[in-house]
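Counting begins at 1 with the first residue of the sequence. Basis for what follows: all heavy atoms, side chains included, without hydrogens, waters or symmetry-related copies. Atoms within a ligand are numbered from 1 in the order they appear, just like the ligands themselves.
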Amino acid sequence: MIQQLFVNPSNVLEVYNKIKRAFACWIIKERKVLDLSDAMISFSFDDVPDSAFSEGRSILKKYGYRGTYYISLGLHENDAPDPVLFDAGLLEEIVAEGGELACHTYNHIHFYNANSQEVIDELEKNQKKMEELIPGYRFSNFSYPYGEQTIPSKMLVQQRFRSARSIRAGINKNPVDLNNLKAMQLDSNLQLEKAFALIEQTRNKKGWLIFYTHDIRNDCSQWGCTPGYFEQVVKYCADRNIKVVTIEKGLDLIQAG
Ligand SMILES: [Zn+2]
């Protein structure tokens with residue numbers, strides 16, 4: 001095993017990046033007491049493909065909920081079956097109805113390969129483009145593309161955003177690390193029973209469970225889920241009167257606690 005690891009250069013790089021991320025998460029933290037009266041669940045979408053805006057958003061709205069959309073405004077996949085396009089009118093509608101637009105860098109870059117200036121440029125470019133689409137709208141929260149975190153990038157993100165969401169699996173419990181919020185991906189690897197069990201654990205612990213996914217289609221990618229699956233998770237929360245909040249609203253409740 002050890003021999004294989006060192007013979008294959010890509011394995012060495014992978015281990016190096018994991019160590020880099022572990023150090024970054026260990027050293028740069030923003031701990032906050034989580035003292036909630038009720039558990040909270042958030043539904044978030046990364047990138048964001050059209051089906052998340054259409055299917056995902058309409059399912060949430062059907063149950064009176066709103067989502068957080070972590071967007072990379074430089075992404076433009078016009079010819080894909082589920083295009084990634086950003087229409088100013090649609091984004092405005094989402095904000096007007098209480099949804100949240102959040103930052104995911106402009107070009108969905110790899111932080112492992114980026115220097116500090118490149119990270120700054122990516123964050124500023126996404127903000128600038130956002131304000132061209134919706135004048136005055138400022139991103140408040142962030143999610144790390146590919147979950148990649150380094151010490152310099154975490155410091156830059158911390159200066160600019162209220163929170164940063166990772167792809168580290170788990171429920172956010174006391175104390176919560178606002179610069180490395182845990183999340184669970186809704187995809188075919190997470191069976192519905194497991195998703196329901198996570199919601200129950202969150203209720204018992206009065207924690208904060210953040211779901212994230214990508215496309216919501218019947219022939220979804222490995223990073224997405226079907227509308228039927230998504231609706232069952234959302235309905236599970238609605239049937240039990242569980243508090244579902246955007247990331248921004250969740251932070252307001254934590255701050256007020
Ligand atoms: Zn992404």
Side-chain angles (χ1 to χ4, degrees), residues 14 17-18 20-21 24-25 42-57 60 67-87 90-91 94 99-114 118-130 133 139-150 153-154 156-158 160-170 172 178-190 209-217 220-226 230 246-248:
E14 202 180 307
N17 283 334
K18 274 186 181 167
K20 205 154 68 167
R21 182 170 66 178
C25 294
S42 295
F43 289 93
S44 65
F45 304 87
D46 283 1
D47 295 357
V48 169
D50 189 57
S51 65
F53 284 134
S54 53
E55 294 288 339
R57 173 176 158 239
L60 286 173
T68 295
Y69 304 85
Y70 291 99
I71 50 182
S72 296
L73 290 168
L75 285 182
H76 194 87
E77 291 168 18
N78 205 356
D79 51 356
D82 190 10
V84 178
L85 297 165
F86 297 103
D87 174 74
L90 172 68
L91 297 181
I94 290 170
E100 179 185 4
L101 304 174
C103 183
H104 197 44
T105 71
Y106 183 73
N107 284 308
H108 203 275
I109 61 162
H110 284 277
F111 276 0
Y112 290 153
N113 306 333
E118 285 165 337
V119 172
I120 292 169
D121 291 346
E122 280 285 318
L123 302 179
E124 289 183 352
K125 218 168 157 185
N126 212 34
Q127 181 56 51
K128 190 167 174 279
K129 182 71 184 171
M130 184 73 257
L133 296 172
F139 291 123
S140 193
N141 296 295
F142 180 80
S143 76
Y144 297 100
Y146 313 100
E148 294 181 4
Q149 304 178 40
T150 60
S153 67
K154 282 183 75 81
L156 291 165
V157 162
Q158 194 174 27
R160 287 167 171 77
F161 302 100
R162 281 183 92 187
S163 76
R165 205 215 70 216
S166 68
I167 55 171
R168 192 168 150 226
N172 296 288
L178 297 184
N179 208 4
N180 191 18
L181 288 172
K182 293 177 190 170
M184 294 299 304
Q185 182 163 258
L186 291 174
D187 61 26
S188 58
N189 290 318
L190 186 72
L209 174 58
I210 301 171
F211 286 118
Y212 74 103
T213 190
H214 294 78
D215 50 331
I216 310 274
R217 296 184 297 148
C220 61
S221 70
Q222 60 179 303
W223 303 282
C225 62
T226 65
F230 186 73
T246 60
I247 300 297
E248 182 72 350

**Q** Are there any protein N/O/S atoms under 2.8 Å from the Zn ion (ligand 1), and if so, which?
**A** Asp47 OD1, His104 NE2, His108 NE2

**Q** For Arg160, I'd like to know if atom CZ has over 12 heavy atoms of other residues, nucleotides or ligands within 6.0 Å.
**A** yes

**Q** Which residues satisfy the salt bridge (charged side-chain N to carboxylate O under 4.0 Å, His left out) test with Arg165, sequence neighbours excluded?
**A** Asp46

**Q** For the pair Phe142 and Phe111, name the ring-plane relationship: parallel under 30°, tilted 30 to 60°, perpendicular over 60°.
**A** parallel

**Q** For Asp82, enumerate each residue passing the side-chain contact (heavy atoms from CB on, under 4.5 Å) test, keeping only those at least two apart in sequence or located in another chain.
**A** Pro49, Asp50, Ser51, Asp215, Arg217

**Q** Would you say Ser72's side chain and His104's backbone share a donor-acceptor pair under 3.5 angstrom?
**A** yes

**Q** Not counting sequence neighbours, which residues clear side chain to side chain donor-acceptor pair (under 3.5 Å) with Thr150? List them please.
**A** Ser153

